[in-house]
Amino acid sequence: MGQCGLPALATIGAGGSGPPTFVLLHGYGSSPEHWMPFTKTIQIPSGGRFVFPRGPEATTPPDGPPDGRAWWRLELGSHIP
């Protein structure tokens with residue numbers, strides 16, 4: 001559990017130990033693993049680190065890919081007339 005009594009947020013890290021620290025939040029249906037290639041193309045100062053938090057909710061078709069994550073459920077089907 002985290003400091004607020006909530007489950008700790010899973011993260012993936014890459015690079016050095018910082019500073020600076022570059023935090024990238026993925027969008028709905030994506031995941032930290034999908035963004036790891038950007039550690040090779042985004043240039044940050046030597047020793048900088050990347051932190052990719054993982055959204056706590058898993059997405060499932062038709063509301064997202066089976067390997068996707070989300071920060072909260074969207075229930076996409078309810079928005080389609």
Side-chain angles (χ1 to χ4, degrees):
M1 288 289 180
Q3 291 178 332
C4 301
L6 298 173
L9 189 62
T11 61
I12 293 177
S17 60
T21 298
F22 185 86
V23 179
L24 186 79
L25 301 175
H26 64 78
Y28 190 87
S30 189
S31 71
E33 292 81 5
H34 295 147
W35 291 92
M36 286 299 290
F38 290 101
T39 63
K40 305 292 186 222
T41 58
I42 297 173
Q43 295 183 6
I44 62 175
S46 177
R49 69 178 169 169
F50 292 88
V51 176
F52 300 95
R54 178 178 285 118
E57 299 283 335
T59 59
T60 56
D63 289 329
D67 65 339
R69 305 298 298 180
W71 300 101
W72 57 85
R73 302 293 312 153
L74 291 180
E75 304 297 335
L76 296 176
S78 66
H79 299 285
I80 300 172

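Since we're looking at a predicted model, the values are computed, not measured.
The NE2 atom of H34 lies 12.5 Å from the CZ atom of F52; values are rounded to the nearest 0.5 Å. Taking OG1 from T21 and CD1 from I44, the interatomic distance works out to 7.5 Å, rounded to the nearest 0.5 Å. Put simply, CD on E57 and OH on Y28 are 8.5 Å apart, with the number rounded to the nearest 0.5 Å.
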Open item on the list: Before you tell me yes or no, could you show the steps for L24 and M36 under side chain to side chain contact (heavy atoms under 4.5 Å, CB included), namely the whole-Å CA-CA distance, both residues' side-chain angles and the distance that decides it to 0.1 Å?
Closed with: CA-CA 10 Å; L24 186 79; M36 286 299 290; over 6 Å; no
Task: Chi angles and distances behind the side chain to side chain contact (heavy atoms under 4.5 Å, CB included) call for W35, I12 - done: CA-CA 10 Å; W35 291 92; I12 293 177; over 6 Å; no
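Proximity of a side-chain donor or acceptor of R69 to a complementary backbone N or O of P56 within less than 3.5 Å is detected. Using a distance-only test at 3.5 Å, with no hydrogens or angles considered, no donor-acceptor pair links the side chain of R54 to the main chain of A70. Checked by atom type and distance alone, the side chain of W71 never pairs as donor or acceptor with a backbone atom of G27 at under 3.5 Å.
For the pair P53 and L25, the tightest heavy-atom approach, listed with the atom from each and the gap, is CG-CD2, 3.6 Å. Residue P65 comes nearest to G29 through the heavy atom pair CG-O, 3.1 Å, listed as atom of the first residue, atom of the second, then distance.
Residue W72 is grouped with residue L9 when hydrophobic side chains (ILVMFWY) are merged at heavy-atom distances under 4.5 angstrom, including chains of intermediate members.
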